[in-house]
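First the structure, in the form of structure tokens, and then the observations on it.
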Protein chains: 2
Amino acid sequence: MEAIEHDKRKCPTHLSTGECTKQLLPVKDALDILSGKWKLQIILSLTFGKKRFKQIQREIPGLTPKMLSKELKELEVNELASRHVYDTAPVTVEYELTAYGRTLRPLIDELHKWGSRHRKRIIAKSGRG
Amino acid sequence: MEAIEHDKRKCPTHLSTGECTKQLLPVKDALDILSGKWKLQIILSLTFGKKRFKQIQREIPGLTPKMLSKELKELEVNELASRHVYDTAPVTVEYELTAYGRTLRPLIDELHKWGSRHRKRIIAKSGRG
DNA sequence: GGTACCACTTTCCTAAAGGATATCGGTATA
DNA sequence: TATACCGATATCCTTTAGGAAAGTGGTACC
């Protein structure tokens, strides 16, 4: 149950930076995957099934083709989404979450869970003044 | 077990943006809390107990006082860390994770878990060429 | 008086993220 | 021939994140 083993996280008190950095790297990796203004929205959009470029763009207000293209490429590089080109006229391109992309689900759920509690807390505070 | 209820996430296919945004907001909130180059390292550092300003700075190589100050303020505003000033000379200031800050643990663990698998996957790929 | 320490703040700068707009090559349709 | 659609690129610009370096106010020590 201990994803990060406490007895290995000694860096702050013992200055063994290498060990600490090693523990931190995977967390940063995960964060990188989800950072970027549109990535989550795109992932979410793709959880409902295959989508075409323009279709995704239409569904996410404010998303420009440049950003969509960039973010989709990053998802592709990380093998979270796949790109399928069909030789139609005009060309059809479909994007889809990979099985690997769907493994993000528990992480996103955890983010959602914590975020929701946080939001409630903030609202409760501001309600009380 | 379903933190995000699927039947409520209809925005991409039905264009009901409001509902979708509502589901997305908490996830973004959580991500905001953890984004920033130093935040995780600072949180990690504080999981080992109270720390003074300079102490944290010394423990995290490359961290400037400006950034530390900024990040600590954000942690404070979000009530993840608390600041205690002692009237000594020179003044002593201690920072500590709040109980609320410690509730981030499962989320960070999940990030660590997914990130570790991701890292292994990347290394495996590059190993096979 | 000079220096040093703490906990910052201020100023200036660079780099990266992101946005607006225009354009491209190809095909279809009027 | 003109227009529109698809799936992007390219160019330019603004905004934000982050870093380097110096300074501040207070106290203590020599």
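Letters A, B, ... mirror the listed sequences (proteins, then strands); counts begin at 1.
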Has [X] got a side-chain N or O lying under 4.0 Å from the OP1 or OP2 atom of [N]?
{"X": "A:R52", "N": "D:dC6", "result": "no"}
{"X": "B:S69", "N": "C:dT9", "result": "yes"}
{"X": "A:K37", "N": "C:dG19", "result": "yes"}
{"X": "A:Y86", "N": "D:dG7", "result": "no"}
{"X": "B:R83", "N": "C:dC8", "result": "yes"}

(Q) Under 3.5 Å, is there a donor on one side chain and an acceptor on the other for A:H84 and A:S82? (A) yes
Q: Scan side-chain atoms only and decide if B:S45 and B:E59 contain a donor-acceptor pair under the 3.5 Å cut-off.
A: yes
Q: Starting at atom CD of A:Q57, determine the distance to atom C1' of C:dT21, rounded to an integer number of angstrom.
A: 13 Å
Q | Separation of atom NZ in A:K70 from atom C1' in C:dA16, rounded to whole Å | A | 9 Å
Q.
Using a 4.0 Å heavy-atom cut-off, does B:G62 contact any base of the nucleic acid, only the sugar-phosphate backbone, or nothing at all?
A. nothing
Q) Across the strands shown, which category fits B:T88 at heavy-atom distances under 4.0 angstrom: base, sugar-phosphate, nothing? A) nothing
Q: Look at the side chain of B:K66 against the base of D:dG19 and say whether a donor-acceptor pair falls under 3.5 Å; ignore hydrogens and angles.
A: yes
